[in-house]
K.L.:
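Got a structure for you, written out below as structure tokens; questions coming shortly.
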Amino acid sequence: MASSSRALSLLAFTLSLLAVLSTVSGHNITQILSESPEYSSFNSYLSQTKLADEINSRTTITLLVLNNGAMSSLAGKHPLSVVKNALSLLVLLDYYDPVKLHKISQGTTLTTTLYQTTGNAPGNLGFVNVTDLKGGKVGFGSAAPGSKLASSYTKSVKQIPYNISVLEIDAPIIAPGILTAPAPSADGLNNITGLLEKAGCKTFANLLVTSGVLKTYVSTVEKGLTVFAPSDEAFKAEGVPDLTKLTQAEVVSLLEYHALAEYKPKGSLKTNKDAISTLATNGAGKYDLTTSTSGDEVILHTGIGPSRLADTVVDETPVVIFTVDKVLLPTELFGKSPSPAPAPEPVSAPTPSPAKSPSPAEAPSPVAASPPAPPVDDSPEGAPSDSPTSSEDSKAKNAAFHVGASAYVAILVTLAATSLLL
């Protein structure tokens, strides 16, 4: 009887743990909305603006969705960058399900949205007013003074408790000025050098101009452009090759390696799993990058060394410019760095004996006496390390989060079987 009781208790624990694991495994907003055709337009714009990647990379989030009818006031009537800002205002960085909506302290609250994190929202325009109204209704509006609660909650779409909640509202939330922001253009990006200089990337900006690669960047704007701009300090760092010794073609390839012919904001880089082609990618060489994350940071891997995304200079669909803390060195130009010299074997304390000269075989290796090799990006191609230093501690922590649910099931089944035998 005691054994049966223990088995039932363990089974209940197993089911509870599996429920938690399914929540921790994350969500896919594109898949969630694809189950409801009435949100096809909204879902399409989440993908076009890459907001879907940003939503999938976050937890404890609420998405206010618009059906196709309500979405018609935005779709096709504004530049994609403007639509992205408007939709970012519908991504609440807190968890609200129908129950919580009706239990708001004092009946009203201001909540932060994804728009607030972009740096494009002056003052409190990136906040949304959520108010529990009389008669069981809930209103939403901009937090800007004088704004009306012009949007109302209509129904619940889906909840993964405390991870993501999807709620339908009947109209967009419009913050003052959000629909009038100008869209980026190729002509506007001709001043990309000015933006880079203000961001502390003057060396990189000068190289783009003198090499003519700036024109290549600008020519890709309409289809999408992502730039990884090394800071001036990055060019002064130890281990950066002397660029004056490169041919003109090699300089062009190096600069093209620092850009992608697609719009890939931070959220997309965080969820990326595959090698990424750059402007330098061609039939003769891959010139690709891989990515990994460490907390909220994104790390780029070239095969020679990692580089961290430092700041966002511009993020306006379809253009995003980041600063990075190291120059990206492609293996196609600079080869792989040599592996560090192995550590010497530990030597036990010698016993008292007459001293003797070491034989040639025991003489120190010239390699061991040479300067230490530069840091190596030793993660296998297509499987980047988990942090800029590729430390064992970071790998262990990340491994703990990536253990598959099947491994947990196997462990729990083993425990259950053991319990039944007791």
Side-chain angles (χ1 to χ4, degrees), residues 46-57 79-81 83-85 88 114 117-120 183-186 188-201 204-205 207-208 211 213-231 234 252-282 286-293 296-303 306-330 384:
L46 288 186
S47 297
Q48 292 179 56
T49 59
K50 306 296 184 180
L51 282 174
D53 293 331
E54 185 67 43
I55 292 169
N56 291 340
S57 73
L80 198 58
S81 59
V83 175
K84 179 177 182 178
N85 287 340
S88 296
L114 192 59
T117 69
T118 64
N120 297 327
S185 64
L189 279 176
N190 279 326
N191 192 35
I192 187 174
T193 54
L195 295 172
L196 291 173
E197 289 175 1
K198 289 181 181 179
C201 305
F204 185 68
L207 286 170
L208 290 178
S211 66
V213 173
L214 179 61
K215 294 180 180 179
T216 304
Y217 280 20
V218 172
S219 69
T220 69
V221 167
E222 289 187 6
K223 294 182 179 180
L225 175 67
T226 301
V227 178
F228 305 114
S231 64
V252 168
S253 293
L254 177 63
L255 296 175
E256 290 180 344
Y257 187 62
H258 285 75
L260 317 177
E262 62 176 317
Y263 174 63
K264 214 165 184 68
K266 187 175 181 180
S268 299
L269 292 170
K270 287 167 68 176
T271 57
N272 177 70
K273 302 298 181 185
D274 303 317
I276 304 172
S277 296
T278 66
L279 286 178
T281 300
N282 54 51
K286 292 191 297 183
Y287 283 95
D288 57 17
L289 296 166
T290 55
T291 61
S292 66
T293 58
D296 192 50
E297 290 189 341
V298 174
I299 304 120
L300 306 175
H301 301 270
T302 68
S307 182
R308 180 181 61 86
L309 254 61
D311 294 301
T312 302
V313 179
V314 173
D315 184 359
E316 295 181 355
T317 312
V319 178
V320 60
I321 301 175
F322 301 103
T323 58
V324 292
D325 64 354
K326 292 182 182 178
V327 178
L328 304 178
L329 303 177

K.L.:
Could you report the tightest heavy-atom contact between Glu316 and Ser81, atom names first, then the distance?
P.N.:
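That closest heavy-atom pairing would be C-CB, 4.3 Å.
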K.L.:
For the OG1 atom of Thr49 and the OH atom of Tyr263, what is their distance to the nearest 0.5 Å?
P.N.:
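Output value for this atom pair is 7.5 Å.
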K.L.:
For Lys264, does its backbone N or O pair with a side-chain atom of Thr226 as donor and acceptor, under 3.5 Å?
P.N.:
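Such a contact is found between Thr226 side chain and Lys264 backbone.
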K.L.:
Looking only at heavy atoms, which two atoms of Glu54 and Leu114 are closest? And how far apart?
P.N.:
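Closest approach of Glu54 to Leu114, heavy atoms only: CG-CD2, 3.5 Å.
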K.L.:
Closest approach of Val327 and Ala234, non-hydrogen atoms and distance?
P.N.:
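Closest approach of Val327 to Ala234: CG2-O, 3.8 Å.
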K.L.:
Could you pull out the closest heavy-atom pair between Cys201 and Ser231, with the gap in Å?
P.N.:
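What the structure gives for the nearest pair is SG-CA, 4.0 Å.
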K.L.:
Under the rule for ring pair (Phe, Tyr, Trp, His ring centres under 6.0 Å), what residues qualify as partners of Phe204, not counting sequence neighbours?
P.N.:
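With neighbours one apart ignored, the set is His258.
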K.L.:
Nearest 0.5 angstrom please: Asp311 CG to Phe322 CZ, how far?
P.N.:
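The CZ atom of Phe322 is 10.5 Å from CG of Asp311, to the nearest 0.5 Å.
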K.L.:
Does any non-hydrogen side-chain atom of Asp315 lie less than 4.5 Å from one of Lys84?
P.N.:
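Result yes, sub-4.5 Å side-chain heavy-atom pair found.
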K.L.:
Report yes if the side chains of Pro230 and Val324 come closer than 4.5 Å at any heavy-atom pair, otherwise no.
P.N.:
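When only atoms from C-beta onward are counted, Val324 and Pro230 do touch, with a gap below 4.5 Å.
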K.L.:
Taking the side chain as every heavy atom from C-beta outward, state whether Leu329 and Tyr257 have any atom pair closer than 4.5 Å.
P.N.:
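Leu329 does not reach Tyr257 side chain to side chain.
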K.L.:
Between Val298 and Leu269, what is the shortest heavy-atom contact and its length?
P.N.:
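Minimum heavy-atom contact is CG1-CB, 3.9 Å.
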K.L.:
Should Glu256 and Thr278 count as side-chain neighbours, where that means a heavy-atom distance under 4.5 Å?
P.N.:
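Not touching, per the 4.5 Å side-chain cut-off.
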K.L.:
I would like to know whether Lys266 and Asp296 meet salt bridge (Lys or Arg N to Asp or Glu O under 4.0 Å); could you show each step before the answer?
P.N.:
CA-CA 10 Å; Lys266 187 175 181 180; Asp296 192 50; 3.3 Å; yes
K.L.:
Rounded at 0.5 Å granularity, tell me how far CG in Asp274 sits from CG in Asp288.
P.N.:
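Reported to 0.5 Å precision, the distance equals 10.5 Å.
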K.L.:
Within this structure, what is the NZ-OG distance for the pair Lys273 and Ser292, rounded to the nearest 0.5 Å?
P.N.:
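Reported value, rounded in 0.5 Å steps: 10.0 Å.
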K.L.:
Taking all non-hydrogen atoms of both residues into account, name the closest pair between Leu225 and Ala259 and its distance.
P.N.:
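Smallest interatomic distance, heavy atoms only, reads CD1-CB, 4.3 Å.
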K.L.:
Could you tell me the separation between the CD1 atom of Ile55 and the CG atom of Leu51, rounded to the nearest 0.5 Å?
P.N.:
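Output value for this atom pair is 6.0 Å.
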K.L.:
Calculate, to the nearest 0.5 Å, the distance between atoms CG and OH belonging to Leu208 and Tyr217 respectively.
P.N.:
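That separation rounds to 5.0 Å.
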K.L.:
Can you find a heavy atom in the side chain of Ser307 that is under 4.5 Å from one in the side chain of Phe228?
P.N.:
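No. Closest side-chain heavy atoms not under 4.5 Å.
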K.L.:
For Thr323 and Ala229, indicate whether the former's side chain and the latter's backbone hold a donor-acceptor pair under 3.5 Å.
P.N.:
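Not a single qualifying donor-acceptor pair exists.
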K.L.:
Do Thr291 and Asn272 pair up side chain to side chain, a donor and an acceptor below 3.5 Å, judged on atom types alone?
P.N.:
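Looking only at side-chain atoms, Asn272 and Thr291 do form a donor-acceptor pair, the distance falling under 3.5 Å.
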